[in-house]
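Beneath this line is the structure, given in structure tokens, with notes to follow.
Keep in mind the model is a prediction, meaning the values are calculated, not measured. Within every chain, numbering begins at 1; the chains are lettered A, B, ... in the order of the sequence lines, protein sequences first and strands thereafter. Note: hydrogens, waters and symmetry copies are ignored here, and every other heavy atom, side chains too, is used.
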Amino acid sequence: MIHYNSFVLDNGLRVLVHEDHFVPTVVLNLLYDVGSRDERPDKTGFAHLFEHLMFGGSANIPQYDEPLQRAGGENNAFTSADITNYYLTLPAQNVETGFWLESDRMLSLSFNPEVLEVQRKVVIEEYKQRYLNQPYGDVWLRLRPMAYKVHPYQWATIGRDISHIENATMDDVKEFFFKYYRPNNAILVVAGNTTTEQVKRLADKWFGPIPAGNVPQRQLPREPQQTEARSQHVEADVPVSALYKVWHMCDRLAPEYYATDLLSDVLGRSKSSRLYHKLVEEQRILTSVSASILGSIDNGLFTVSAKPAQGVSLEEADQAIGEVIAEVQADLLAEGELQKVKNQAESTLIFGEMEVLNRATGLAYAAVLGNPDLINQEANKIQAVTAVDIRQVAKQVLCPENCSTLYYHAKNK
Amino acid sequence: MEQPLDRTIAPQAFALEDFPLARPQTFILPNGIRLRLINAGVQPTVNVQLNFNTGRSAGKQRAVAYLTNKMLAEGTKHRSAASLMAAIDQMGAFLELSPGLDHSEVEFYCLHKHLRPMLGLVQEMLAESVFPERQLEKLKNVTAQGIRINLEKTATVATNLFRESIFGATHPYGSVITEQQLLDSSQEEVQQFYEQYYAGKSFEIIAAGQLEPDDVQLFAETLGTLPVSHITAPTLSGHAPAIAPVTLYQPKENAVQSSIRIGKSIALEQGKNSRDYLTLSLLIEALGGYFGSRLMQNIREEKGLTYGIYANLVTLQQASYVVIGADVKKDLREPAISEIHKEIAGMIEQPIDTDELHLVRNYMQGSFIGSLNTAFAIANRYKGIYYHGLPEDFYHHYVSSLNKITTDDLLQAAENHLKGGFSVISVG
């Protein structure tokens, strides 16, 4: 159970406080309700580029990192398709430094053109390092546009095309900032060795004076139902061929979300999972396989990825995976197997809540979903899933006409 | 009237003080095995690490050591690999097998309610592993495939070449497992390695989490019943061999970036002189250990040549080295290398000023304190202490020890350790 108090400032900033007096630190987690799904198709990668610019100095503070480090603090940030999340950790006695820094960059950035020029280059190197210079690095750059034809999840957070980053202008930056980086589009979680009273006082002082903005109502197109199987073959300079399959699944708040998550665990979470046990351990058709979900806020993707053993073709691997899937569509799980994936999920939840930072980020994410208490309801929702629910999802989601398959062939050398 | 808010002035930041780490309690199990227990945390979670003295090996023996450690979970006299995995998964527990350069580990994470059965399973794996041929074949194939994929990464190749350049390919710290060595390793060799280093052999335990002294009984009735004898794995003689620095560029046709590794072996008297270690840590931190470091500021934040660059001080049991690493824009590989050299030289030419010393020191102190918020993190600090033979209260005085380091100390350390002799490897 993660306890919290909450209040809202006049400018619309939602604030959550989670007290934990066992740790010597305080975490500030500031989530902005904007991600790559909010980008225009001709300006992709912008939410993420923006995250970099947020470290390049603000209205009254020329440098973000240095004063934080001087106060013994650390920070980082990430951007996803749905959110942009900034977090910092400070020794409890220096917590006000965090409020000062975060509020000033919410007030306004410095909009220094040199910062834009340098970070543009840094992001392009990041793009290369993560996606182009790694074996299989471009897989998601290919899978997303296969699966999504209408919804902006069709581009990766890094961007659809490097030229979008190259061509970003300072006007684009300013527009994006004043549109999305407003207190009424953000959630602040303060967690750790602090009190609600202290947080109220500091939030009022530092964030209170920042004016609210006109945040546009989000109107994203819904991805239409996929009606026929999609596939693509690519050849790449990799030593081993690989297979990737994605199926459309429900959104984050749908009632069948947890059944879908557990289904992916049944199929391919660990070595006792169906796919691994049958195809890696018993039949030796594959050398690796895993299944998981992309639990995005809008309708997500259920994914299976595998590497075939020597002498096994991608088509044979695909067919073998299909046979294992057919079993979970036909038969109900035994009680023991259902309990196993529930135990795994329970343990993952508890381990995940050990770090105060994870609790803070989890609360912010639950809040952006609509209710911070969702984080405390997860354990019960997982336990409530039945074998019938899982079979139902398997039938509904894992059918060929809902699937995109990427055959990633190793080039013959 | 209330003071108007002046956002240009930073709120007062307070100096940090020594932070009292939870102290481990030491117990000796009936068979003489030492258990160190760290009771901390509010979640019902447990981490148990078993540390085996498996020695240091090179060449094919290194592959055998790797396979033996990983094979511990591939079947016992009573259970198949699949049934072991099913039992662990049923508890939602996590088993990690880590064959290392100096020793090997068997480690698990579980909820406290599963501690007893997990200890039972580990006991069985240590006492009754059988190394089935079919499982060994699978492990060899999977591992070989992993090696093939990793060798496509410029970063992996650069790291391998770098370690080889400072230790030599036949030294345990410089040797890299090859696909061929793996495939050539036989079941007999694995069995033999197991008998020599695991079966009936002594090990050390660190357990952390929500643990009470009562839990010691659970260890006593499982791992404490294993008959063990102490072994001394062969040690290396003194420091790593003196090898002339290497400069090497290995092109890779379709790479869009080059991976750079620049570094050298360091003669550091570990344990005996922890102040030397701390001074050098601070120096390397200033060079490339954090976002505000000289390398990060120059090469990423000013020039935009890379997404990230770091400098690390790596301390193994019988050698230490410093390594700087980055993946940089391919056509700007040479300017990047020359900037790195400039930053290294800068540490020697001029003392770090007080302002920068305070910045990096405060950052290290805060980051240290921030890293101690789980029992597992505290256990890992103690692991480092035992591994390097540091005094047990080393981290109790960490904050104040850092405060004692002066700019002169840093200049001295830079002159002693960073003057010349760097290997420069780039791939891609």
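Interface remark: B:Lys113 contributes side-chain atoms only to the contact with chain A (heavy atom separation under 4.5 Å). Contacts of B:Val399 with chain A are absent, with no heavy-atom separation under 4.5 Å from either backbone or side chain. Heavy atoms closer than 4.5 Å to chain A are found in both the backbone and the side chain of B:Asp355. Contacts of B:Arg134 with chain A are made by both backbone and side-chain atoms, with heavy-atom separations under 4.5 Å. Within the 4.5 angstrom heavy-atom criterion, only side-chain atoms of B:Phe94, from C-beta onward, approach chain A. Within the 4.5 angstrom heavy-atom criterion, only backbone atoms of B:Val328 (N, CA, C, O) approach chain A. Interface residue B:Lys303: only backbone heavy atoms are found under 4.5 Å from chain A. Neither the backbone nor the side chain of B:Ala40 comes within less than 4.5 Å of any heavy atom in chain A. Heavy atoms of B:Glu253 lying under 4.5 Å from chain A are absent altogether. Only the side chain of B:Gln297 has a heavy atom closer than 4.5 Å to any heavy atom of chain A. Within the 4.5 angstrom heavy-atom criterion, atoms from both the backbone and the side chain of B:Gln90 approach chain A.
Using cut-offs of 30° and 60° on the angle between ring planes, the pair A:Phe351 and B:Tyr109 is perpendicular. Between A:Tyr136 and A:Tyr408, the angle of the ring planes lies from 30° to 60°, which puts this pair in the tilted group. By the 30° and 60° cut-offs, the orientation of the rings of A:Phe207 relative to A:Phe99 is perpendicular.
Residues A:Glu74 and B:Tyr363 have side chains that bring a donor and an acceptor to within less than 3.5 angstrom of each other. A donor-acceptor pair shorter than 3.5 Å cannot be found between the side chains of A:Glu102 and A:Tyr87. With hydrogens and angles left out, the side-chain atoms of B:Asp327 and B:Thr154 include no donor and acceptor closer than 3.5 Å. Residues B:Gln257 and A:Glu125 bring a donor and an acceptor atom of their side chains to less than 3.5 Å of each other. With no hydrogens or angles considered, a side-chain donor-acceptor pair links B:Gln135 and A:Glu281 at under 3.5 Å.
Residues of residues 139-147 of chain B that come closer than 4.5 Å to chain A, counting heavy atoms only, are B:Val142, B:Gln145, ordered by residue number.
Heavy-atom pairs under 4.5 Å with chain A were tallied for B:Glu301, B:Gln365, B:Arg300; the largest tally goes to B:Arg300. Annotation: maximal heavy-atom pairing with chain A below 4.5 Å, among B:Val256, B:Asn373, B:Leu151, B:Thr8, occurs at B:Val256. In terms of heavy-atom pairs under 4.5 Å with chain A, the best-connected choice from B:Thr306, B:Leu16, B:Asp89, B:Leu111 is B:Asp89. The choice from B:Ile149, B:Val360, B:Ile9 that makes the most heavy-atom pairs within less than 4.5 Å of chain A is B:Ile149. Contact tally against chain B (heavy-atom pairs below 4.5 Å) for A:Leu132, A:Leu101, A:Asp65: the top residue is A:Asp65.
Between A:Thr287 and A:Val280 the shortest heavy-atom distance is O-CG1, 3.9 Å.
The side-chain heavy atoms of A:Gln198 and A:Arg201, taken from C-beta on, include a pair separated by under 4.5 Å.
Residues forming a ring-ring contact (aromatic ring centres under 6.0 Å, His included) with A:His52 (at least two apart in sequence, or on another chain): A:His48.
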